Amino acid sequence: MSQIPLVDYLVLGDNPHLLANECVACGARFFDRRNACASCAGTEFRRVRVPSEGEVQAFTIVSHAAPGIPVPFVASVVDCDGTSVRGNLVNVPPDPEHVHLGMKVRLTTVPVGTDSEGTEAIGFGFEPQEGSV
C-alpha cells in the first residue's frame, strides 16, 4: 500500500518528522508558504527540520466537532525546541487526569483515510513520551 502525507511539511519514512520554512533573517518558523516573514518582513527562507519531541504548551479537550469527527479528542500546541506546532494528542485518554501542561510528547503518524485506489493518507499527532502521563 502506498502512503502520502496529509500535509506537505510532514516527511514520512523510517524517521517521520516535520519541516518548517525558517526566515533566514530572523529565524521565525512557519509551516505554510510565505512571501514575506510575519516577524521581520524578510523574504528569504530555508527548509529546516523541526525536533520531533516537545512539551505541551496549551491544550483543549474538544467535545463537539463536525459530523463524522469522533469526540472527545485533545487539540494542543506543542513547543518543539522553540517551534510551536499545532497537533492533536493521540494514544492518551482525552481527559485532564491524563493530559497536562508541560507534558513531554513526541511526534507520531496516524492514518486518516484511504482512497479508492488504496493510497493511504497519513497525518501526524503527538503522543506522550514514556513516563510523562
Side-chain angles (χ1 to χ4, degrees):
M1 172 184 293
S2 64
Q3 296 181 325
I4 59 169
L6 186 63
V7 292
D8 65 356
Y9 52 88
L10 172 62
V11 178
L12 301 177
D14 292 339
N15 191 9
H17 58 278
L18 303 176
L19 292 176
N21 296 312
E22 182 179 76
C23 176
V24 172
C26 75
R29 291 184 174 180
F30 307 94
F31 288 105
D32 57 347
R33 184 186 146 326
R34 298 283 170 130
N35 289 327
C37 176
S39 294
C40 76
T43 57
E44 189 178 343
F45 296 88
R46 63 179 160 245
R47 297 283 274 178
V48 296
R49 186 177 179 149
V50 175
S52 295
E53 295 185 345
E55 185 175 290
V56 174
Q57 295 295 298
F59 72 92
T60 189
I61 298 170
V62 179
S63 57
H64 299 298
I69 305 294
V71 291
F73 65 90
V74 181
S76 71
V77 177
V78 175
D79 175 18
C80 293
D81 197 25
T83 301
S84 290
V85 183
R86 292 180 191 97
N88 292 344
L89 298 186
V90 298
N91 302 327
V92 63
D95 62 55
E97 293 177 24
H98 295 92
V99 178
H100 56 87
L101 297 178
M103 185 172 155
K104 305 290 186 196
V105 294
R106 71 174 155 262
L107 183 80
T108 189
T109 57
V110 292
V112 294
T114 305
D115 70 11
S116 61
E117 296 178 15
T119 301
E120 187 174 42
I122 303 295
F124 72 91
F126 290 90
E127 64 184 0
Q129 293 182 31
E130 297 200 17
S132 68
V133 177

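The chain is numbered in sequence order, starting from 1. All of these numbers come straight from a predicted model, not from anything done at the bench. As a basis for the values below, the full set of heavy atoms in this structure was taken, side chains included, without hydrogen atoms, waters or symmetry mates.
- By the side-chain hydrogen bond (donor to acceptor under 3.5 Å, both in side chains) test, Asn15 is found to be paired with no residue, residues two or more places apart in sequence or in another chain being considered.
- Through side-chain heavy atoms spaced under 4.5 Å, either directly or across other Ile, Leu, Val, Met, Phe, Trp or Tyr residues, Val11 is tied to Leu19.
- Hydrophobic clustering of Ile, Leu, Val, Met, Phe, Trp and Tyr side chains at less than 4.5 Å, counting indirect connections, unites Val92 with Leu107.
- Note on residues 51-63: pairs passing salt bridge (charged side-chain N to carboxylate O under 4.0 Å, His left out), not counting sequence neighbours, are Glu55-Lys104.
- Phe126 and Leu10 fall within a single hydrophobic cluster, where Ile, Leu, Val, Met, Phe, Trp and Tyr side chains are chained together by heavy-atom contacts under 4.5 Å.
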Scan the side chains in residues 58-80 for donor-acceptor partners under 3.5 Å anywhere in the protein, sequence neighbours excluded, and list what turns up.
{"from": "Ser76", "atom 1": "OG", "to": "Gly87", "atom 2": "O", "distance (Å)": "2.7"}
{"from": "Asp79", "atom 1": "OD1", "to": "Gly82", "atom 2": "N", "distance (Å)": "2.7"}

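- Listed by first and then second residue, the salt bridge (charged side-chain N to carboxylate O under 4.0 Å, His left out) pairs involving residues 21-32 are Glu22-Arg29, Glu22-Arg46, Asp32-Arg34 (not counting sequence neighbours).
- The side-chain hydrogen bond (donor to acceptor under 3.5 Å, both in side chains) search around Asp81 returns none, not counting sequence neighbours.
- Taking Asn21 as the reference, Arg47 meet the side-chain hydrogen bond (donor to acceptor under 3.5 Å, both in side chains) condition, with sequence neighbours excluded.
- Residues in residues 82-93 take part in no salt bridge (charged side-chain N to carboxylate O under 4.0 Å, His left out) pair, two or more places apart or across chains.
- Looking at Val50 and Tyr9, their side chains never come closer than 4.5 Å, going by heavy atoms from C-beta outward.
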side-chain contact (heavy atoms from CB on, under 4.5 Å) for Cys26 and Cys37? Distances and angles first, verdict last. CA-CA 9 Å; Cys26 75; Cys37 176; 3.7 Å; yes
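- With Val105 as the fixed residue, the side-chain contact (heavy atoms from CB on, under 4.5 Å) test singles out one of Val85, Asn91, Leu89: Leu89.
- Side-chain contacts under 4.5 Å among hydrophobic residues (ILVMFWY), followed directly or transitively, place Phe30 together with Phe45.
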Using distance only, find each side-chain donor-acceptor pair of residues 116-124 under 3.5 Å and give its atom names and separation, not counting sequence neighbours.
{"from": "Thr119", "atom 1": "OG1", "to": "Ser2", "atom 2": "OG", "distance (Å)": "3.2"}
{"from": "Glu120", "atom 1": "OE1", "to": "Gln3", "atom 2": "NE2", "distance (Å)": "3.0"}

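- Under the 4.5 Å side-chain heavy-atom criterion for grouping Ile, Leu, Val, Met, Phe, Trp and Tyr, Val90 is connected to Val112 within one hydrophobic cluster.
- The structure places CG of Leu12 at 9.5 Å from NE2 of His17, a figure rounded to the nearest 0.5 Å.
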